[in-house]
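A short worksheet on the structure shown next.
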Amino acid sequence: MPEGDTPAGVTERHIVQAACPHDCPDTCAMQVTVEGRGRQRIAVRVAGDPDHPPTGGALCTKVSRYLDRTYHADRVLTPLRRIGRKGEGRFEPVSWDLALGEIAQRLGAIAARDPERIVPYSYAGTMGLVQGESMSARFFNRLGASRLDRTICASAGGEALKYTLGTKAGTEMEQFANSRQIIFWGTNAVVSNLHLWSRAQEAKRRGARLIAIDPYRSLTAERCHEHIALLPGTDGALALGIMHVLIREGWLDRDYIDRYTLGYAALAERAGAFDPARVAAICGIEAATIERLAHDYWHVRPTAIRLNYGMQRARGGGNAVRAIACLPALAGHWRDPAGGLLLSTSGMFETDDAALERPELLAGRTPRTINMSAIGDALLQAQPPIEALVVYNSNPVAVAPQSAQVASGFAREDLFTVVLEHFLTDTADYADFVLPATTQLEHLDVHTSYGHLYVVANNPAIEPLGDALPNTEIFRRLAARMGFTEPCFAQTDEQIAAAAFRRLGASPYDWERVRRAGWQRLDVPGTYAPFAQGQFPTPSGRCEFHSARLEAMGLDPLPDYIAPYEGPASTPELARRFPLAIISPPARNFLNSSFVNVQSLRATEGEPWLDIHPLDAAARDVNDGDHVDVFNDRGSFRLRARVTDRARPGVVVALSIWWKKLAADGKNANEVTHQRLTDLGRAATFYDCLVEVRSAAVPTPAP
Ligand code: SF4
């Protein structure tokens with residue numbers, strides 16, 4: 001849309017409607033100001049769209065620097081072929097013709113023997129439906145490659161909601177402004193859910209009470225009226241403890257329970273075992289805190305819970321979410337649009353996955369599935385072995401757990417690795433070929449959200465830089481080289497975007513309309529209260545405290561507390577040797593491993609820090625600012641100690657995720673994490689990890 005008339009000799013300026021592509025619930029609508037025409041066109045400003053109702057024109061610090069990412073001097077802008085050892089990061093530029101020819105030949109030879117030996121590895125480097133799993137999924141389906149279980153972030157909670165509420169839906173973000181009490185459970189909204197946080201501020205100004213439940217006094221926790229610093233991985237016990245008090249006191253919406261829930265009697269019996277004294281001992285908090293929390297949960301109405309992924313990164317993460325998701329139904333908080341619970345709204349979007357991914361290309365084959373959260377083990381142990389890995393929208397060498405295993409797997413000389421990337425990340429350094437991918441300003445896409453109810457369009461603002469290509473075009477060209485002639489490989493990005501949804505709530509989906517407007521709200525009621533009258537999309541139509549589906553799978557049909565894999569209760573001997581729990585939540589200026597290489601953002605973070613409580617520091621003769629080694633039997637990494645009561649006793653905190661190559665010792669927090677999986681959803685358990693800390697002046701024992 002032209003900003004105004006452009007007299008001769010004056011630079012032409014346009015604003016292009018766009019979307020933030022990052023793994024964040026807010027999915028901001030953006031406006032990119034561009035100058036010039038064609039390949040000379042440059043983006044000069046990235047800002048939020050002030051008219052987009054949920055995000056209102058405010059971008060976070062990271063993405064307001066998106067131009068620093070797109071025009072970064074280190075962008076990979078031509079195909080690269082490895083000339084050094086794996087992991088060394090030495091490459092030579094080659095043509096697309098040579099790169100695609102050689103990749104097609106290598107993949108073709110493996111596929112002729114056994115296509116399952118080829119594995120895609122991708123996650124949410126972009127959340128776009130077009131540049132995510134569309135042409136890429138078609139390519140791997142046609143090939144018959146192994147399937148990837150995309151579990152590294154959200155699958156424990158997603159499964160938990162499915163078995164409890166029936167879908168990923170919840171309280172609308174805008175409604176939090178009207179809540180009288182908001183519980184931030186396992187989430188640092190200031191950093192990772194900015195626009196919900198601004199609604200909470202609005203609610204606070206009107207007198208609402210804010211509570212944070214988090215092992216760490218995060219930026220969010222310090223701004224809440226109350227902070228409950230429980231031990232990592234014990235959230236399920238706390239939810240059952242609250243339930244225990246609600247039931248004991250009769251603080252229950254009996255009418256809601258009778259009409260809209262299933263399995264109350266069995267749940268009440270289960271919760272009976274979680275008296276506050278027992279729960280207090282498990283969680284490392286006071287019993288009185290549990291009593292007060294339950295009291296306020298019933299008496300302050302409406303109360304909304306903003307649940308996030310923190311508590312899911314432990315063995316019992318799925319059950320913890322199930323237990324918490326039962327609370328609004330017990331207390332009747334779903335009745336009010338500003339009550340209830342929000343983990344994710346992604347289930348509200350009826351994406352047409354079959355149109356995007358074309359499962360018919362599998363032609364009846366059922367390839368094996370590789371779990372991305374255990375990629376280290378898979379690369380070293382899977383049978384038949386993985387012979388080729390194609391990585392896009394992800395940086396597993398930095399972000400996958402138990403990094404030494406992951407790096408060993410990637411270092412295998414007999415593994416053929418292709419990485420689609422913007423930069424030479426820790427993962428790209430192990431590639432045989434690095435293929436230059438476009439950033440969000442250079443390609444087309446369409447986005448759902450997992451935090452609000454709007455579809456957001458991303459129009460390309462500028463031409464691709466250098467020789468970069470959109471993911472879709474890379475897989476399109478690769479498919480042509482492999483001789484795949486199905487018409488779906490000729491679809492344009494426009495056509496893919498146009499086929500992305502079945503409908504938007506009650507209305508038909510019209511891509512042209514969305515792309516012109518920039519965004520469109522799902523056609524659901526203006527004051528949205530998803531479960532005010534039940535209508536849970538479960539098999540029973542009720543909120544399922546008791547899940548027959550879980551029972552049929554041989555799993556516990558009721559939510560329970562499952563102790564972490566590593567902890568004094570589960571592994572007392574290990575806990576004697578490694579007495580500290582470690583968590584590694586997002587640093588404010590990074591988004592997973594994205595943005596770590598943007599100098600201005602990295603400079604704000606400074607260097608990798610370990611927050612450690614004064615008592616734990618004193619016991620180890622560690623002073624503020626000392627370099628320390630964090631270690632366990634899996635590995636170690638070095639960072640600088642910040643002695644602070646932001647960390648509770650017994651828990652250390654390493655804000656993350658640093659690129660390993662940008663840390664002084666070439667390592668990050670995933671050196672110490674393990675690859676065991678959650679109870680539901682087969683997800684990673686990053687925050688279920690015991691370590692010891694010692695001053696770097698003292699040699700660290702070899703793992
Ligand atoms: S990362 Fe989140 S808050 Fe930041 S611009 Fe993107 S969607 Fe908005």
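Everything quoted here is computed from the prediction, not taken from an experiment. As the structure lists them, so they are numbered: ligands from 1, and atoms in each ligand from 1. By convention here, the first residue in the shown sequence is residue 1.
Both tests do not hold together for R150 against Y123: distance to the six-membered ring centre under 6.0 Å, angle to the ring axis within 45°.
Side-chain contact annotation: N597 with D74, donor-acceptor N/O pair under 3.5 Å absent.
The heavy atom nearest to atom 8 (Fe) of ligand 1, out of those in A29, C28, G48, is found in C28. Here atom 2 (Fe) of ligand 1 lies nearest to C24 when heavy atoms of C24, S594, S449 are compared.
The L591 neighbourhood of ligand 1 comprises atoms 1 (S), with distances under 4.0 Å to a heavy atom of that residue. In summary, the atoms of ligand 1 found under 4.0 Å from a heavy atom of V63, numbered by their order in the structure, are 1 (S), 4 (Fe), 5 (S), 6 (Fe).
Atom 6 (Fe) of ligand 1 has as its closest protein heavy atom C20 SG, 2.3 Å. In terms of protein heavy atoms, atom 4 (Fe) of ligand 1 is closest to C60 SG, 2.3 Å.
Relative ring orientation between W511 and Y509 is described as tilted, the plane-to-plane angle lying within the 30° to 60° band. Ring-plane geometry between F349 and F501 is classed as tilted, the angle between the planes lying from 30 to 60 degrees on a 0 to 90 degree scale.
With salt bridges taken as basic N to acidic carboxylate O contacts below 4.0 Å, one links E172 and R521.
The structure places CZ of R516 at 12.5 Å from CD of Q17, a figure rounded to the nearest 0.5 Å.
Atom 6 (Fe) of ligand 1 lies at 2.8 Å or more from every N, O or S atom belonging to H22.
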